[in-house]
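One structure below.
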Amino acid sequence: MSKKLRVRFAPSPTGALHIGGVRTALYNYLLAHKLGGTFILRIEDTDQTRFVEGAENYILDALKWLGIMPDEGIGVGGPHEPYRQSERKELYKVYADELINSGKAYYAFDTSEELDAMRAIYESKGSAFQYNALTRVKLKNSLSMSEQEVQDIIASGTPYVIRLKVPAKAEIRFQDSIRDWVHVHTSSIDDKVLMKSDGMPTYHLANVVDDHIMEITHVIRGEEWLPSAPLHILLYQAFGWQPPQFAHLPLLLKPEGNGKLSKRDADLGGFPVFPLEWKDPQTGVISKGFKQEGYLPAAMINFLAFLGWNPGTEQELFSIDELISAFSLERINKAGAKFDVNKAKWFNEQYLKLQDVTSLAAQYLPDLPKKEAESFVHLFLDRITFPQELGEKVKEFTELPSAYEEEVVQNKWNEESQKGLQVLNDTLPFVELWEADAIKSFIQVKLEEAGIKMGKVMQMLRVALSGNGAGPDLMISMELWGKEQVLLRLNKAIETFGKR
RNA sequence: GGUCCGUUCGUCUAGGGGUUAGGACACGUCCCUUUCACGGAUGAAACACGGGUUCGAUUCCCGUACGGACUACCA
């Protein structure tokens, strides 16, 4: 029997969770649920300088809103606590020392400034500096210095880092679930820093150690990690551990032109990149959230799932349960996907129509009587993308027209329609049952009696009552306005047009 | 610059040695609706380029171009 599947989503609390991160979390969640595995949330906060207050809660809230909650980890607990890397600091030191002792890693004393200077020199010569088998002997580290020197310098309290001693001539290969075999020569891999001088591990070390300890079987993460995957393989090898199965997801790209989707593009395009609204605690800048814009969680999930994956059938609308059963790593695409707001909106419209009318009415039209609110929801549900448009629609509907659509008036206001409106104005007060069907037959009869064709006046009537040449069913609208209001509007319109 | 990854309609994608290259969004037209929207139908719209392998390549291989990621004591 194979090991039980365990996956993790491991964001850094450096700000709001980006929509690409949400998709990564979603794919992890889907795989875990499909295969009866465990979905773990771990926080990678090893960079103290980039820590942002509130970001961790934001991540949790965002996942909660979308319904992709972890089974284990932050906010849930579990057998491998703590799940915040800053709280596991001591652990990484142990493993880094293990690598030192086995000769797989070494101490380095070069300062950032020295390295920067080194890079500048190489760059001026048109090449790139690498801290590797070729250069490390000439730099300040435990490989180039005598053992005594190293002991002295450490004892003196000089800051140091621990670097991985990358083998000089080897080929690293691994089979990615999405990209198949990837191979890289170690000559292109740097002796990466494993432990920083502040005693914190870098991503690479912490990630590998935690994934191993937490028994992660599949690492599903963004493509930006692909270049460092060979380094991670090297680390697993150095520890003598079995690496997990890797799956590097294609990137989410900006809608216009090329490049990774960023917050800036979103602002330009007028759509969010964050699931929830986010206020940057440093700058106070507020970024839009999909939730606040009116996107439904189920629509977001469906839309996101299809950005880089598809079931191979022609079905597009998938509930989360359907996604879980249809999902597989094998059907994830290789190429990056551009974020298309139109498609997102379409998904939202589809899910909006599926919403319960009663609860939409209660939530978005709370000030209206229940029955009336529900009528409005019925009237407008097919014409909106976001639920909060209901309020705007109703407001617009309820207010007296401030102007009349000029083009329609121009074309339709004539002797016959004038006569028709006048007939209606005179007779409508006598409608007994003010209800759409009754109003309709009443109008039919009255216009016929007057010898006026219905088609000649209906659009004029619409403009007279609503101001617009197009809109929801007129008879139902009239029912909702009520007799008094209709007559008021009709009067006003006749008066206005009559002056022309 | 170097390393790695990628490339099918405008966008998301299906497909895969022989297909009318399929679907969805967006767009056009028509139908439904005395309007609009919804819905339905329909149209326009793609295999980056060049070599090779092959009877045959969009599909396999190699190059080129283009795009992207990475190249920090950031993740």
Side-chain angles (χ1 to χ4, degrees), chain A residues 10-14 21 44-50 85 108 110-112 115-116 119 122-123 125-131 159-163 176 178-179 182-185 187-190 192-204 206-207 221-231 248 250-251 253 255-260 303 306-317 331 333-347 349 353 379-384 405 408 440 453-459 461-463 466 468-474:
Chain A
S12 286
T14 54
E44 312 224 324
D45 56 347
T46 53
D47 186 358
Q48 293 160 324
T49 62
R50 293 211 310 162
Q85 289 184 330
D110 322 270
T111 65
S112 299
L115 292 173
D116 285 347
R119 288 190 186 97
Y122 273 72
E123 199 176 332
K125 290 189 292 189
S127 63
F129 170 72
Q130 276 189 286
Y131 207 120
Y160 63 87
V161 300
I162 295 177
R163 286 180 182 272
D176 187 274
I178 296 166
R179 282 148 224 285
V182 174
H183 14 92
V184 177
H185 198 86
S187 62
S188 66
I189 304 174
D190 275 40
K192 288 284 180 200
V193 170
L194 265 22
M195 288 293 281
K196 300 182 259 188
S197 55
D198 66 357
M200 277 289 195
T202 57
Y203 170 86
H204 307 293
N207 178 264
R221 57 175 17 169
E223 192 187 339
E224 68 268 28
W225 292 111
L226 194 54
S228 47
L231 170 76
H248 289 93
L251 259 19
L253 308 171
E256 304 286 336
N258 296 300
K260 209 166 143 181
F303 169 65
F306 271 70
L307 239 36
W309 171 88
N310 79 86
T313 66
E314 288 185 356
Q315 184 184 350
E316 301 241 25
L317 262 18
R331 293 203 63 87
N333 282 105
K334 291 182 174 73
K338 288 188 182 181
F339 184 94
D340 181 8
V341 210
N342 275 326
K343 196 97 180 206
K345 285 182 176 171
W346 178 78
F347 273 110
E349 286 161 6
K353 279 181 219 165
L379 199 60
F380 295 124
L381 199 55
D382 279 343
R383 4 178 49 94
I384 58 172
E405 199 171 310
V408 182
K440 185 173 183 180
K453 289 220 172 63
M454 218 175 157
K456 297 282 184 189
V457 286
M458 289 310 278
Q459 191 163 20
L461 177 63
R462 171 182 292 284
V463 172
S466 71
N468 299 315
D473 187 277
L474 191 56

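Throughout, protein chains are lettered first and strands after them, A, B, ... in sequence-line order, and every chain is numbered starting at 1.
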Counting the atoms with a prime plus P, OP1 and OP2 as sugar-phosphate, which does [X] contact under 4.0 Å by heavy atoms, base, sugar-phosphate, or nothing?
{"X": "A/Val193", "value": "sugar-phosphate"}
{"X": "A/Lys125", "value": "nothing"}
{"X": "A/Pro472", "value": "base"}
{"X": "A/Tyr203", "value": "base"}
{"X": "A/His248", "value": "nothing"}
{"X": "A/Asp110", "value": "base"}
{"X": "A/Lys345", "value": "nothing"}
{"X": "A/Arg331", "value": "sugar-phosphate"}
{"X": "A/Ser127", "value": "nothing"}

Report yes if at least one side-chain N or O of [X] is closer than 4.0 Å to OP1 or OP2 of [N]; otherwise report no.
{"X": "A/Lys196", "N": "B/A75", "result": "yes"}
{"X": "A/Lys456", "N": "B/U34", "result": "no"}
{"X": "A/Thr46", "N": "B/A75", "result": "yes"}
{"X": "A/Arg50", "N": "B/C73", "result": "no"}
{"X": "A/Asn333", "N": "B/A14", "result": "yes"}
{"X": "A/Arg119", "N": "B/C73", "result": "yes"}
{"X": "A/Asn310", "N": "B/A14", "result": "yes"}

Just compare [options] and give me whichever is closest to any side-chain atom of [X].
{"X": "A/Ala335", "options": "B/G6, B/A75, B/C4", "value": "B/G6"}
{"X": "A/Leu251", "options": "B/C38, B/C4, B/G68", "value": "B/G68"}
{"X": "A/Lys338", "options": "B/C38, B/U11, B/C4", "value": "B/U11"}
{"X": "A/Arg163", "options": "B/C70, B/C38, B/C73", "value": "B/C73"}
{"X": "A/Ala337", "options": "B/U13, B/G6, B/U35", "value": "B/U13"}
{"X": "A/Lys192", "options": "B/U35, B/U71, B/C12", "value": "B/U71"}
{"X": "A/Leu226", "options": "B/U34, B/U11, B/C5", "value": "B/C5"}
{"X": "A/Asn342", "options": "B/C73, B/A69, B/C25", "value": "B/C25"}
{"X": "A/Asp340", "options": "B/C38, B/C73, B/C25", "value": "B/C25"}

Taking only residues two or more places apart in sequence, or in another chain, which ones meet A/Glu405 in a side-chain hydrogen bond (donor to acceptor under 3.5 Å, both in side chains)?
none
Between A/Phe306 and A/Phe347, how do the two ring planes meet: parallel, tilted or perpendicular, split at 30° and 60°?
tilted
With both distances kept under 3.5 Å, what pairs with B/G63, Watson-Crick or G-U wobble?
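By the stated definition (distances under 3.5 Å), B/C49 pairs with B/G63.
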Determine yes or no for a side-chain-to-main-chain donor-acceptor pair under 3.5 angstrom, with A/Arg462 supplying the side chain and A/Asp473 the backbone.
no
Roughly how many Å apart are [M] and [N], using the [atom1] atom of each and rounding to a whole number?
{"N": "B/C9", "M": "B/G28", "atom1": "C1'", "result": "15 Å"}
{"N": "B/U20", "M": "B/U58", "atom1": "C1'", "result": "15 Å"}
{"N": "B/A69", "M": "B/C12", "atom1": "P", "result": "16 Å"}

Once you round it to whole Å, what is the distance between P of B/C4 and CG of A/Leu231?
15 Å
Do A/Lys343 and A/Asp340 meet the salt-bridge criterion of a basic N to acidic O distance under 4.0 Å?
no
